[in-house]
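Just so it is clear, the values below take in all heavy atoms, side chains as well, and ignore hydrogens, waters and symmetry mates.
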Amino acid sequence: VRSRRVMFVLGACVLAGVTCLVLMWTGTSGLRPYETKVLPFTVVDLALSVDGRLLGVAGGTRLKEAVEEPAVAGDAECRLWSIAGGTRALSYNKEDVGLFTSLAMIDGAVVLGQLHGAVLTVPLGNKGAGVRRLDSGHTWPIVTVAPRGAYMAVGGNRGLVAYAVSSDGLAEQGRTQWEPDAMAFSPSGKRLAVVLGSIGHKEVRVWDFRTGEVSLHIKDPKYRGDLSGTEILGVAFGPEGQTLATAGERLKLWSIATGEEIACLWKAKRNQPGLRSPAFSPDGRFLAAVGGDRVAWIWDLRTRKKVAKI
């Protein structure tokens, strides 16, 4: 399984693989799968509903062709399951649009970034009726939602916009020309960590989108920033809101209050793929991340040592 995304759900670690599998693992040592779902499409993103009851995956049937030659791309797919019962709650697809590039969930709806443009809001139930479309113009739209679903951010190669989410729709809260590679909301939903840059200089900014203030700016001088490196690929807030994790050539913890490095948990060896998709457990004890070498790791942050390999 080539790993794509990892997250914690109700004490379990959930891993999404690009080879069309979703693996769910119990515990943090002596791991064993308790459910495996074989999917007829390539997984690109993984998300949990605001109330924690639904788990969803999104992607497409022909990932490579969708990126390299959109005219012959396959179908975009999204599926949701009930965590409690394992029953499917929603299946939604769009034919001949390539793939869904990102997945997030707000109250009562699924938000999907679509390759080469639109962001779709699909209501739960009604078999996908009443879909709303936001024309973002991004080649590869990235969508993320605040923990309680009050805010949503949409970014890509045409900038970044943060919205307040309500039953009346979306209300713009802030806009910038930054082109994000990855994003994550703080636990309070009031700040957004944004990974920016290109080959040679990757950085992270913590942005208060309502005021426009950048409260933290991390530019790690230890990232190689060349074609052999993978730089910063992902970011996550700790559940207490005081710690930031960055993943890439190195997996690091940072103090949000001071901007200082707390610890370096891992660093890539020469020509080794970097890590992405860092995720804290809800209690803040564990940190998981996935790599391009078909491995997902879990660290115990009390000892700062690896405790599991998937």
Side-chain angles (χ1 to χ4, degrees), residues 1 3-17 23-35 46-48 52 55 83 144 146-148 182-193 195 204 206 215-216 218 220-223 230-269 272-310:
V1 179
S3 305
R4 288 290 304 184
R5 290 291 309 276
V6 65
M7 66 190 304
F8 287 90
V9 179
L10 300 177
C13 184
V14 182
L15 174 67
L23 305 179
M24 305 179 69
W25 304 79
T26 60
T28 55
S29 61
L31 296 177
R32 58 186 180 83
Y34 68 82
E35 186 170 0
L46 172 72
L48 187 67
L55 178 69
I83 291 176
T144 189
R148 286 178 286 277
M183 303 183 291
F185 275 100
S186 65
S188 68
K190 296 179 180 179
R191 292 182 293 179
L192 187 69
V195 177
V204 178
V206 177
S215 58
L216 181 63
I218 295 172
D220 189 348
K222 295 183 180 179
Y223 284 95
T230 50
E231 302 167 325
I232 303 175
L233 298 175
V235 64
F237 279 93
E240 82 295 341
Q242 300 302 313
T243 306
L244 198 70
T246 58
E249 291 176 357
R250 291 169 171 82
L251 182 64
K252 289 190 172 186
L253 299 176
W254 305 83
S255 167
I256 292 177
T258 66
E260 295 180 354
E261 180 183 324
I262 298 172
C264 180
L265 303 176
W266 177 91
K267 64 179 180 179
K269 298 177 182 178
Q272 182 180 11
L275 298 177
R276 65 177 69 240
S277 180
F280 286 88
S281 62
D283 61 4
R285 178 180 173 183
F286 299 102
L287 178 67
V290 299
D293 53 358
R294 303 183 181 185
V295 172
W297 297 96
I298 301 176
W299 283 261
D300 186 329
L301 296 183
R302 297 184 304 182
T303 63
R304 297 180 182 172
K305 294 182 178 180
K306 294 176 189 173
V307 292
K309 175 182 176 181
I310 304 174

Undergrad: Rounded to the nearest 0.5 Å, how far apart are NZ of Lys252 and CD1 of Ile218?
TA: 9.5 Å
Undergrad: Is it true that Asp300 and Arg302 make a salt bridge, defined as a side-chain N closer than 4.0 Å to a carboxylate O?
TA: yes
Undergrad: How long is the gap from CG on Leu216 to CD on Glu260, to the nearest 0.5 Å?
TA: 11.0 Å
Undergrad: Of all heavy-atom pairs between Glu249 and Trp266, which one has the smallest distance, and what is that distance?
TA: O-CZ3, 3.4 Å
Undergrad: What are the two closest heavy atoms between Phe280 and Pro239, and how far apart are they?
TA: CB-CD, 3.8 Å
Undergrad: Run the side-chain contact (heavy atoms from CB on, under 4.5 Å) test on Val235 and Met183 for me, step by step, so that the C-alpha distance in whole Å, both residues' side-chain angles and the decisive distance to 0.1 Å come before the verdict.
TA: CA-CA 7 Å; Val235 64; Met183 303 183 291; 5.9 Å; no
Undergrad: Quick check for you: to the nearest 0.5 Å, what is the distance between Leu48 atom CG and Met7 atom CE?
TA: 4.5 Å
Undergrad: Tell me every residue that passes side-chain contact (heavy atoms from CB on, under 4.5 Å) with Ser186, counting only those two or more places apart in sequence or in another chain.
TA: Ser188, Arg191, Phe237
Undergrad: In the structure I gave you, are the side-chain heavy atoms of Leu301 and Leu265 within less than 4.5 Å of one another anywhere?
TA: yes
Undergrad: Quick check on Lys267: does its NZ atom have over 12 non-hydrogen neighbours (other residues, nucleotides or ligands) under 6.0 Å away?
TA: no
Undergrad: So, for Leu287 and Pro278, which heavy atoms are closest and what is the spacing to 0.1 Å?
TA: CD1-CB, 4.3 Å
Undergrad: Looking only at heavy atoms, which two atoms of Ala182 and Gly234 are closest? And how far apart?
TA: CB-CA, 4.2 Å
Undergrad: Mind running side-chain contact (heavy atoms from CB on, under 4.5 Å) on Trp299 and Leu251 for me, showing each step along the way?
TA: CA-CA 10 Å; Trp299 283 261; Leu251 182 64; 3.4 Å; yes
Undergrad: Between Gly189 and Ala146, what is the shortest heavy-atom contact and its length?
TA: CA-CB, 3.8 Å
Undergrad: Measuring from Phe8:CZ to Ile298:CD1, what's the distance to the nearest 0.5 Å?
TA: 4.5 Å
Undergrad: Before you tell me yes or no, could you show the steps for Ile262 and Trp254 under side-chain contact (heavy atoms from CB on, under 4.5 Å), namely the whole-Å CA-CA distance, both residues' side-chain angles and the distance that decides it to 0.1 Å?
TA: CA-CA 5 Å; Ile262 298 172; Trp254 305 83; 5.6 Å; no
